[in-house]
J.: 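A single structure is presented below for examination.
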Amino acid sequence: MLTIAPKGTKDMLPSEAYKWHFIEKAFADVCQKYGFKEIRTPIFEHTELFVRGVGDTTDIVQKEMYTWEQAKRSLTLRPEGTSAVVRAIGEHKIYADPQPTKLYYNIPCFRYEKPQSGRLRQFHQFGVEVFGTNNMMADAEVIALAYDFINGLGIKDVELQINSIGCPNCREAHRAALREFLKPNLEEFCDTCKDRYDRNPLRMLDCKSPVCQELVKGAPTMLDYLCDDCKTAFEDLKSNLTALEIEFVVNPGIVRGLDYYNATAFEFVTNSIGAQGTICGGGRYDNLSESIGGPPIPGVGFGLGKERLLLVLEANGIEIPNEEGINTLVAFMGDKPKHAALKLVKELRAANINVEIDCLARNLKGQFKYADRLGAKNTIVIGENELEDGKVTIKKMETSEQVIVDFKLENIIEEIRK
RNA sequence: GUGGGUGUAGUCAAGUGGUUAAGACAACGGGUUGUGGCUCCGUCAUGCGUGGGUUCGAAUCCCAUCACCCACCCCA
């Protein structure tokens, strides 16, 4: 038990680490191109931040948070990124900087859920947020950034789906109309949908049960109930995306599960990685800051799951280049050569060359085999003979060609850099 | 929380009640003391997720338990 990591967590081993480095760099690069700066907030926050931000009726708050009491405070490991960022920009009055404020982050999040493919209890996400405007240009930029990032990695089978979930006013009107429509046939729906009827009837629209799908046909969609402002905004967003040549489909079934969202909702979805196909999800949250007691600050952003992204990359057969390996192994025979080898290794490393030495002190054959396994381009041999002659033997591993050069650092460096 | 699947070495596995638990890859050692990728030899589970039980005998049957995977719900 103690020898196994807790359920829903994963060790990131060296054989995977280079992939994470790669996507992290790619994401940071795209963000920089779009003018986003990184923000890092604490891994835990006051519980109340999430209760009021994410919403006290959501599954996340009701049953998925890691919460504990300490010194009469209730603290919670962040289950998502946006609330804390909103808290931070209010706290530090960043809204006084030139607007908009464009931020990105790369964080672990924690939710107590039953793990499955593409879902862990500690998971990792990228996110971006744009604050200080409710202009749909910001929404378009946020979507464009995600689109660029995903496409830039070579992913083909991901679809952008967008929707508008309106403002609190038009959403209420739609809910009422929806319940009105569904009520006559309520008994025929599946059990989950019966639950959804009260909690969130919108969810009934994308139930997977064929029976429900049939019953739901012709139901009033949110888009039919948007108020004039919301309707204009949604049209504005679509025209912006079109201008950016970003392909999208309107999916009225997209409903954000966090209470703070309004207006724009979008997801990047794939069906190549199992049931949890949303690799990126986001939207607008103009009332979040106020609902946590901060100043009014409109915002829009997304979260992008890194584990899911890596699953998609694998499903798409996209190979992530491994990081630069070892250039040279310095092999030695005997005690005096060992010390000479250690010193040479140190000097080569100081010259910024990736060098290894065999700490198992195997025989020469073993050291060559080790060099081979490491993928070293060169093996340098230092034995008693070389020390006496003031030379070293350098073998090019690919061609098996061997040269003997004077035991001088610059000669050696010149040879192994060839 | 509810379902389904799977647990034999670092990895992939054979084995379905009877003597010392195949095999492959990896790892490590070596093939007469200085050269890798090929080849050859050797080492590597008193142990079959864990605990009980049935039996003369259990990796194999029964019960319990744990872990992992997948799906529902929900979300990244």
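Chain letters run A, B, ... following the sequence lines, proteins first, then strands; residues in each count from 1.
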J.: Using heavy atoms and a sub-4.0 Å distance, could you list which residues of residues 114-130 of chain A are near RNA chain B? By number, please.
T.: A:K114, A:Q116, A:S117, A:G118, A:R119, A:L120, A:F123, A:Q125

J.: Could you work out which one of B:G34, B:G36, B:A76 sits closest to the side chain of A:R308?
T.: B:A76

J.: Go through B:C74, B:U35, B:A76 for me and flag the one nearest to the A:Q402 side chain.
T.: B:U35

J.: Check each of A:E45, A:E129, A:E48 against A:R87 using the salt bridge (charged side-chain N to carboxylate O under 4.0 Å, His left out) test, and report the only one that passes.
T.: A:E45

J.: Got a sec, which residues hit side-chain hydrogen bond (donor to acceptor under 3.5 Å, both in side chains) with A:S272, two or more places apart in sequence or on another chain?
T.: A:D157, A:T270

J.: In chain order, what residues pass the ring pair (Phe, Tyr, Trp, His ring centres under 6.0 Å) check against A:F332, with sequence neighbours excluded?
T.: none

J.: Taking the same atom, P, in B:U2 and in B:U11, what whole-Å distance lies between them?
T.: 31 Å

J.: I'd like to compare against my own output: the B/S/- annotation of nucleotides 24-30 of chain B with a strict under-4.0 Å heavy-atom distance to protein.
T.: --SSSSS

J.: Under the side chain to side chain donor-acceptor pair (under 3.5 Å) rule, what pairs show up with a residue in residues 244-253 of chain A, not counting sequence neighbours?
T.: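 Only A:Q161-A:N251 qualify under side chain to side chain donor-acceptor pair (under 3.5 Å).
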
J.: Not counting sequence neighbours, list each pair that qualifies as a ring-ring contact (aromatic ring centres under 6.0 Å, His included) and has a residue in residues 133-164 of chain A.
T.: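 For residues 133-164 of chain A, and leaving out neighbouring residues, the ring-ring contact (aromatic ring centres under 6.0 Å, His included) pairs sorted by first residue read A:F27-A:F149, A:F126-A:F149.
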
J.: Look at the side-chain N and O atoms of A:Q276 and state whether any lies under 4.0 Å from the OP1 or OP2 oxygen of B:C73.
T.: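 Checking B:C73 against A:Q276, no side-chain N or O comes under 4.0 Å of OP1 or OP2.
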
J.: Under the side-chain contact (heavy atoms from CB on, under 4.5 Å) rule, collect the residues that match up with A:T242, sequence neighbours excluded.
T.: A:F248

J.: Can you tell me which stems RNA chain B forms when a stem means 3 or more consecutive Watson-Crick or G-U pairs under 3.5 Å?
T.: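 Stems (3+ consecutive pairs) listed as B:1-7 with B:66-72, B:10-12 with B:23-25, B:27-30 with B:40-43, B:49-53 with B:61-65.
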
J.: Of all the nucleotides listed (B:C74, B:G34, B:C68), which has the minimum atom distance to the side chain of A:K7?
T.: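 That would be B:C68.
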
J.: Could you list all the ring-ring contact (aromatic ring centres under 6.0 Å, His included) pairs where at least one residue sits in residues 43-64 of chain A, not counting sequence neighbours?
T.: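 Found A:F44-A:W68.
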
J.: For RNA chain B, find the residues of residues 16-25 of chain A with a heavy-atom distance under 4.0 Å and give them by number; none if there aren't any.
T.: none

J.: Closest nucleotide of RNA chain B for A:E401 versus for A:Y112: which of these residues is on the 5' side?
T.: A:Y112

J.: Students often get this wrong, so: under 4.0 angstrom with heavy atoms, is A:L364 touching a base, only sugar-phosphate, or nothing?
T.: base

J.: Can you run down the ring-ring contact (aromatic ring centres under 6.0 Å, His included) pairs that involve residues 156-204 of chain A, sequence neighbours left out, and say none if there aren't any?
T.: A:H174-A:Y225

J.: Please list every donor-acceptor pair under 3.5 Å in which a side-chain atom of residues 408-418 of chain A meets a protein atom from a residue at least two apart or in another chain.
T.:
{"unit_1": "A:E415", "atom_1": "OE1", "unit_2": "A:K418", "atom_2": "NZ", "d": "3.1"}
{"unit_1": "A:R417", "atom_1": "NH2", "unit_2": "A:A351", "atom_2": "O", "d": "3.1"}

J.: Under the criterion side-chain hydrogen bond (donor to acceptor under 3.5 Å, both in side chains), which of A:H124, A:K306, A:Q125, A:E38 is the partner of A:N106?
T.: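 Testing A:N106 for a side-chain hydrogen bond (donor to acceptor under 3.5 Å, both in side chains) against A:H124, A:K306, A:Q125, A:E38 leaves exactly one candidate, A:K306.
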
